[in-house]
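Here's the structure we're looking at; comments come further down.
Quantities reported herein were computed from a predicted structural model and do not represent experimental measurements. Protein chains get the first letters and strands the later ones, always in sequence-line order, with residue 1 at the start of each.
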2 protein chains.
Amino acid sequence: MIESVNPDLHDALHTLGLRVTEPRLAVFEAVQSHPHADTETILDATRAALPSVSHQAVYDGLRTLAEAGLVRRIQPAGSLARYEVRVGDNHHHLVCQVCGRVEDIDCVVGEAPCLTPNDDHGFVVQQAEVTFWGTCADCAPDADRAADAGRTATDDRTTSAD
Amino acid sequence: MIESVNPDLHDALHTLGLRVTEPRLAVFEAVQSHPHADTETILDATRAALPSVSHQAVYDGLRTLAEAGLVRRIQPAGSLARYEVRVGDNHHHLVCQVCGRVEDIDCVVGEAPCLTPNDDHGFVVQQAEVTFWGTCADCAPDADRAADAGRTATDDRTTSAD
DNA sequence: CGTGTTATCCTGAATCAATCAAGATAAGCG
DNA sequence: CGCTTATCTTGATTGATTCAGGATAACACG
């Protein structure tokens, strides 16, 4: 039922010693076609291709693919887990504080060195994750309306590395 | 039972039209003395000062204080909600992927401009949050042992703005 | 192409942080 | 000091995620 058998994915799973199963392929395609979708959306999308797939197989597939590095799991504070297939390409996220919508930020202005902590507290740092919090265009009108009551000069504030 | 009645906190609550209650003061002090603690730890710490306080009052107090901007709620992926009293001072976090321990990073090397997205997708960006993922000193031995089996040149990789 | 091993999936139940609801209490104004 | 109502208490509920045991099928091997 999976029309496009992704050869790269097949090989990647195989190389990692993981079995190539229909649920896994369907879950991967669902993530691919629904970037930043939460688990329930992935579940629905997976069932569109493989109607009989179980709830558990999708959870398990997402975890396995994430651990294999084939999908990336993100979870902005207060949000459900979300998944995407873009991995290892140095991008970050922009999250709407109103509706939770997520967009990709290909890179930040500036170079990687700016993402080095000044004191690593003895940690071995493996990754720097940047999340931009804001209000998306669709939700902006609501925010404007709500803010109209108490608009002040502080609204001029835009990005701050807070 | 609250030995040190924080005058600043008292005023801040009052100015915001919020009532100054023992549970709120105790919750604030618990957060202050247990940086990055999760809700259960805050609950226990609050009860050390105010034994009869309810579960709900602590949840409510944390939410109220967070909405008032008096405490900051952070929630690294896969972790429970954590709280801290440092607000508005431009700092970020370093999270251990093994034990979940959180440390503060006062600032990143480089300037705020490096934390401006290159394409805001129509969002009004209010804040940039940086989370460094790594392994803390206490957990490092475990990681070393686990990695010994398959150590490769890629282990040289340190920070990347991934 | 058969066969065996076991990773993976399915069904169904459990977990548990967090939230909701309704009545009781007390903060703070006049 | 008394009134209003924000806040707290008690108790139940939600809901994403995980756990468990038996059934199925991927794939290594002969």
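Within the 4.0 Å cut-off from OP1 or OP2 of D:dT18, at least one side-chain nitrogen or oxygen of A:Arg63 is found. Residue B:His55 has no polar side-chain atom (N or O) positioned under 4.0 Å from OP1 or OP2 of C:dC20. Neither OP1 nor OP2 of C:dA27 sits under 4.0 Å from any side-chain N or O of B:His10. Contact annotation: A:Thr21 does not reach the phosphate of C:dA7 (side-chain N/O to OP1 or OP2, under 4.0 Å). Regarding contacts with the backbone of C:dA26, every side-chain N or O of B:Arg19 stays at 4.0 angstrom or more from both OP1 and OP2.
Each of B:Gln56 and A:Pro23 was assigned the nucleotide of DNA chain C with the nearest heavy atom; the assignment lying further toward the 5' end belongs to A:Pro23.
Side chains of B:His34 and B:His36 form no contact here, defined as non-hydrogen atoms less than 4.5 Å apart.
Residue A:Leu50 is grouped with residue A:Val85 when hydrophobic side chains (ILVMFWY) are merged at heavy-atom distances under 4.5 angstrom, including chains of intermediate members. By the rule that hydrophobic residues join a cluster once side-chain heavy atoms approach within less than 4.5 Å of another member, A:Leu18 and A:Leu9 end up as members of one cluster.
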Just do the side chain to side chain contact (heavy atoms under 4.5 Å, CB included) check on B:Gln127 and A:Phe132 with the steps written out, would you? CA-CA 6 Å; B:Gln127 187 179 98; A:Phe132 295 95; over 6 Å; no

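Proximity of a side-chain donor or acceptor of A:Glu84 to a complementary backbone N or O of A:Arg73 within less than 3.5 Å is not detected. Side-chain N or O atoms of B:His92 include none that pairs as donor or acceptor with a backbone N or O of B:Thr131 at under 3.5 Å.
Protein atom CZ of A:Phe28 is 19 Å distant from nucleotide atom C1' of C:dT8, rounded to whole Å. Put simply, CG on A:Leu25 is 10 Å from P on D:dA26, counting in whole angstrom units. Between B:Leu62 atom CG and C:dA17 atom P the separation is 14 Å, expressed in whole Å. Distance OH (B:Tyr59) to C1' (D:dT10): 16 Å, rounded to an integer number of Å. Computed from coordinates, the B:Leu13 CG to D:dT7 C1' distance equals 12 Å when rounded to whole Å. Here the C1' atom of nucleotide C:dA7 and the NE2 atom of A:His14 are 13 Å apart, to the nearest Å. Per the geometry, CD belonging to B:Glu22 stands 17 Å off P belonging to C:dT25, to the nearest Å. Look at CD on A:Glu67: it is 14 Å from C1' on C:dT8, rounded to the nearest Å.
Side chain of A:Ala81, nearest nucleotide from C:dC29, D:dT17, C:dT19: D:dT17. Residue B:Ser54 places its side chain closer to D:dT9 than to any other of D:dT18, C:dC9, D:dT9. Among the nucleotides C:dT8, C:dC10, D:dC27, the one closest to the side chain of A:Leu18 is C:dT8. Here the nucleotide nearest the side chain of B:Ala57, chosen from D:dT10, D:dC8, D:dT18, is D:dC8. Picking from D:dT9, D:dA16, C:dC9 the nucleotide with the shortest atom distance to the side chain of A:Asp60 gives C:dC9.
Applying a 4.0 Å cut-off to non-hydrogen atoms, the residues of residues 37-48 of chain A that approach DNA chain D are A:Thr39, listed by residue number.
At a threshold of 4.0 angstrom between heavy atoms, the contacts of A:Thr64 with the nucleic acid are absent.
Between B:Arg101 and B:Glu103 there is a salt bridge, with a side-chain nitrogen of the basic residue lying less than 4.0 Å from a carboxylate oxygen of the acidic one.
Aromatic ring pairs are classed by plane angle as parallel below 30°, tilted from 30° to 60° and perpendicular above 60°; the pair B:His10 and B:His14 is parallel.
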